[in-house]
Amino acid sequence: TKKTAKIVWMGKTPLTERFSKKKRGQMMDFMSLHFHSKTEYLEVIFVESKAEWLLTILPKLSIANKEVMTYADIKADYETQHEDFEILWFSKEMIRLKMLGLLTL
């Protein structure tokens with residue numbers, strides 16, 4: 001993905017559900033995001049902190065927002081809180097979101 005590529009979210013804000021799960025002997029907090037479109041339903045699960053970041057960035061990527069965010073903008077925003085944006089960007093969950101309406105232009 002080029003740094004100057006524009007990222008646009010065509011969908012609506014998802015419904016959320018928080019839950020905890022024991023993973024590798026430790027309790028971890030997760031968030032399930034439920035995306036609905038006219039023809040599809042998609043549920044993706046993220047670690048809670050990454051899901052919260054995604055929930056704050058999606059409205060900024062909306063077509064209703066006048067300011068356009070680029071891949072570099074999103075990467076910089078993500079990396080202020082987390083490490084290695086590419087791992088998230090090319091994850092199965094994000095690939096599923098890209099099929100539902102997260103566009104790279």
Would you call Phe30 and Val47 a side-chain contact if the rule is heavy atoms closer than 4.5 Å? yes
Short question: side chain of Asp77, backbone of Ile74 - any donor-acceptor pair under 3.5 Å? no
Quick one: closest heavy-atom pair of Ile7 and Thr70, and the distance? CG1-C, 4.1 Å
Identify, with sequence neighbours excluded, every residue that meets side chain to side chain donor-acceptor pair (under 3.5 Å) alongside Trp9. none
Kindly write out the residues that satisfy side-chain contact (heavy atoms from CB on, under 4.5 Å) with Met27, not counting sequence neighbours, or none if the list is empty. Ser20, Lys22
Give, for atom CE of Met69 and atom CG of Leu61, the distance between the pair rounded to the nearest 0.5 Å. 6.0 Å
Measuring from atom CG of Leu15 to atom OH of Tyr41, what distance do you get when rounded to the nearest 0.5 angstrom? 8.0 Å
Test of understanding: with side-chain contact (heavy atoms from CB on, under 4.5 Å), list the residues that count as partners of Lys12, not counting sequence neighbours. none
Could you give the distance from CD (Gln81) to CH2 (Trp53), rounded to the nearest 0.5 Å? 8.5 Å
Check whether Ser91 reaches the backbone of Leu88 with its side chain - one donor and one acceptor, N or O, closer than 3.5 Å. yes
Using side-chain contact (heavy atoms from CB on, under 4.5 Å) as the criterion, list what pairs up with Ser32, not counting sequence neighbours. Glu17, Phe19, His34, Glu43, Ile45
Look at the side-chain heavy atoms of Ile, Leu, Val, Met, Phe, Trp and Tyr, link any pair under 4.5 Å apart, and say whether Val44 and Phe85 land in one connected group. yes
Test of understanding: with side-chain contact (heavy atoms from CB on, under 4.5 Å), list the residues that count as partners of Glu48, not counting sequence neighbours. Arg18, Asp29, Met31, Glu52
In Å, rounded to the nearest 0.5 Å, how long is the span from CE of Met10 to CG of Leu58? 13.5 Å
For Lys98 and Phe90, the nearest pair of non-hydrogen atoms, with its separation, is NZ-CD2, 4.4 Å
Straight-line distance of Met94 CE to Glu86 CD, nearest 0.5 Å: 12.0 Å
Residues, nucleotides or ligands: over 12 heavy atoms within 6.0 Å of Glu83 CD: no
Separation between CG (Leu55) and CG (Leu33), nearest 0.5 Å, reads 5.0 Å
Please give me the minimum heavy-atom distance between Thr104 and Trp89, naming the atom from each residue. OG1-CZ2, 3.7 Å
Out of curiosity, does Tyr71 fall in the hydrophobic cluster containing Leu102 (side-chain heavy atoms, cut-off under 4.5 Å, transitive links)? yes
Shortest non-hydrogen contact from Thr56 toward Pro59: O-CD, 3.6 Å
Hphob cluster co-occupancy, Leu97 + Val8, side-chain heavy atoms under 4.5 angstrom: no
Mind checking what makes side chain to side chain donor-acceptor pair (under 3.5 Å) contact with Lys50, not counting sequence neighbours? none
